[in-house]
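Working notes, beginning with the structure itself.
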Amino acid sequence: MKLPIERIGGKIRSLRKKQAQTLEDLSQSTGLSKGLLSQVERGISQPSLETLWKITKALDTSIVHFFEDVAHTQVHVVRKEERNQILFPGTTGTCYVLGHTDNTKLRMLEIVLNPGEMMKDHFLNREGEQCLVVTRGELFLRIGEEELVLHEGDSLFLDSTLAHSAINNTDRPVTYIWSVTPSKYS
């Protein structure tokens with residue numbers, strides 16, 4: 001993976017200016033030349049680990065600060081024909097994973113329930129949030145003791161600690177998009 005040196009340099013410049021330091025100030029506190037620091041800030045030169053360490057100490061920040069959003073800015077495309085399916089015990093519907101990366105906070109699924117099929121809750125007793133939107137058909141939901149019917153275009157938000165299940169009680173397929181945080185299945 002190529003380092004996003006332009007963004008690292010931009011973060012260094014932003015933090016330096018926020019602290020009202022000049023390149024000269026940073027040069028003196030790191031022992032690095034103004035020319036090198038300028039090149040790093042402009043993304044022309046890739047800093048060594050030692051250089052980055054000196055800069056983080058001089059700016060009183062963590063080295064992690066410069067890499068925090070790297071994984072979240074990458075683009076992951078999964079073509080329809082390449083989607084993975086997940087099988088949940090006691091569930092009769094088809095569940096497709098939309099997108100794929102183990103480092104996300106959000107997991108999105110497309111669920112297809114044919115007539116009479118059901119998706120049981122497999123995220124119960126864990127902190128997090130869930131949201132779903134019906135994209136085709138009519139979906140019957142049980143959330144605790146409450147029963148709801150959602151139609152195409154309807155959406156629902158719920159706390160993941162609430163017991164719930166989705167059922168297709170109609171004679172036509174129903175499809176919905178389900179998003180879950182955190183993204184790990186357990």
Side-chain angles (χ1 to χ4, degrees), residues 1-11 14 43 46 52 62-186:
M1 177 171 113
K2 184 178 175 186
L3 283 176
I5 58 173
E6 295 86 7
R7 289 214 334 264
I8 291 171
K11 284 184 170 190
S14 175
Q46 183 172 332
L52 197 53
S62 165
I63 201 164
V64 173
H65 169 79
F66 299 111
F67 299 97
E68 288 176 319
D69 61 348
V70 170
H72 299 293
T73 61
Q74 295 178 353
V75 175
H76 299 276
V77 175
V78 177
R79 304 288 177 205
K80 184 176 180 177
E81 62 276 2
E82 298 170 347
R83 295 188 300 184
N84 290 323
Q85 255 186 283
I86 297 176
L87 301 174
F88 292 112
T91 297
T92 52
T94 306
C95 180
Y96 299 100
V97 178
L98 301 179
H100 180 71
T101 177
D102 292 331
N103 298 322
T104 61
K105 296 175 185 172
L106 172 71
R107 178 70 66 188
M108 293 192 61
L109 308 166
E110 180 182 55
I111 313 295
V112 179
L113 299 178
N114 288 313
E117 291 185 331
M118 173 177 54
M119 173 60 78
K120 286 187 177 179
D121 172 24
H122 291 277
F123 298 95
L124 185 59
N125 295 327
R126 60 182 289 164
E127 291 183 19
E129 301 169 331
Q130 299 183 32
C131 180
L132 68 88
V133 61
V134 177
T135 57
R136 180 178 65 167
E138 180 180 282
L139 183 64
F140 178 81
L141 292 158
R142 276 197 190 105
I143 303 172
E145 299 297 318
E146 189 173 358
E147 296 181 347
L148 301 163
V149 176
L150 298 181
H151 302 276
E152 189 171 312
D154 291 347
S155 58
L156 172 95
F157 173 88
L158 67 133
D159 186 295
S160 290
T161 60
L162 299 172
H164 55 280
S165 60
I167 305 161
N168 182 354
N169 286 334
T170 71
D171 60 355
R172 295 181 181 183
V174 64
T175 304
Y176 62 100
I177 304 296
W178 184 22
S179 60
V180 181
T181 64
S183 69
K184 301 294 183 197
Y185 301 113
S186 60

Original post:
Any chance CD of Glu81 has more than 12 other-residue heavy atoms, nucleotides or ligands included, within less than 6.0 Å?
Top reply: yes
Original post:
Atom CE of Met108 and atom CH2 of Trp178: how far apart are they, to the nearest 0.5 Å?
Top reply: 12.5 Å
Original post:
How many angstroms lie between atom CG of Leu113 and atom OG1 of Thr175, to the nearest 0.5 angstrom?
Top reply: 8.0 Å
**OP:** Answer whether the closest heavy-atom distance between the side chains of Leu139 and Leu156 falls below 4.5 Å.
**Re:** no
**OP:** Check whether any side-chain heavy atom of Val112 lies under 4.5 Å from a side-chain heavy atom of Arg136, and answer yes or no.
**Re:** yes
Original post:
Got a sec, which residues hit side-chain hydrogen bond (donor to acceptor under 3.5 Å, both in side chains) with Thr170, two or more places apart in sequence or on another chain?
Top reply: Asn168
Original post:
Which heavy-atom pair separates Val133 from Gly153 by the least distance, and what is that distance?
Top reply: CG2-O, 4.1 Å
Original post:
Roughly how far, to the nearest 0.5 Å, is CD of Glu129 from CG of Leu158?
Top reply: 9.5 Å
**OP:** Can you see which heavy atom on Pro173 is nearest to which on Pro115, and at what distance?
**Re:** N-CD, 4.2 Å
Subject >> Spacing of Glu146 atom CD and Leu141 atom CG [to the nearest 0.5 Å] >> reply: 9.5 Å
Original post:
OH/Tyr176 to CE/Met119 distance, rounded to the nearest 0.5 angstrom?
Top reply: 5.0 Å
Subject >> Any side-chain heavy-atom pair of Leu98 and Leu109 under 4.5 Å >> reply: no
Original post:
Which of these passes side-chain contact (heavy atoms from CB on, under 4.5 Å) with Phe140: Ile167, Leu150, Leu148, Val174?
Top reply: Ile167
Subject >> pair His151-Val134: side-chain heavy atoms closer than 4.5 Å >> reply: no
Subject >> Spacing of Arg142 atom CZ and Leu162 atom CG [to the nearest 0.5 Å] >> reply: 15.5 Å
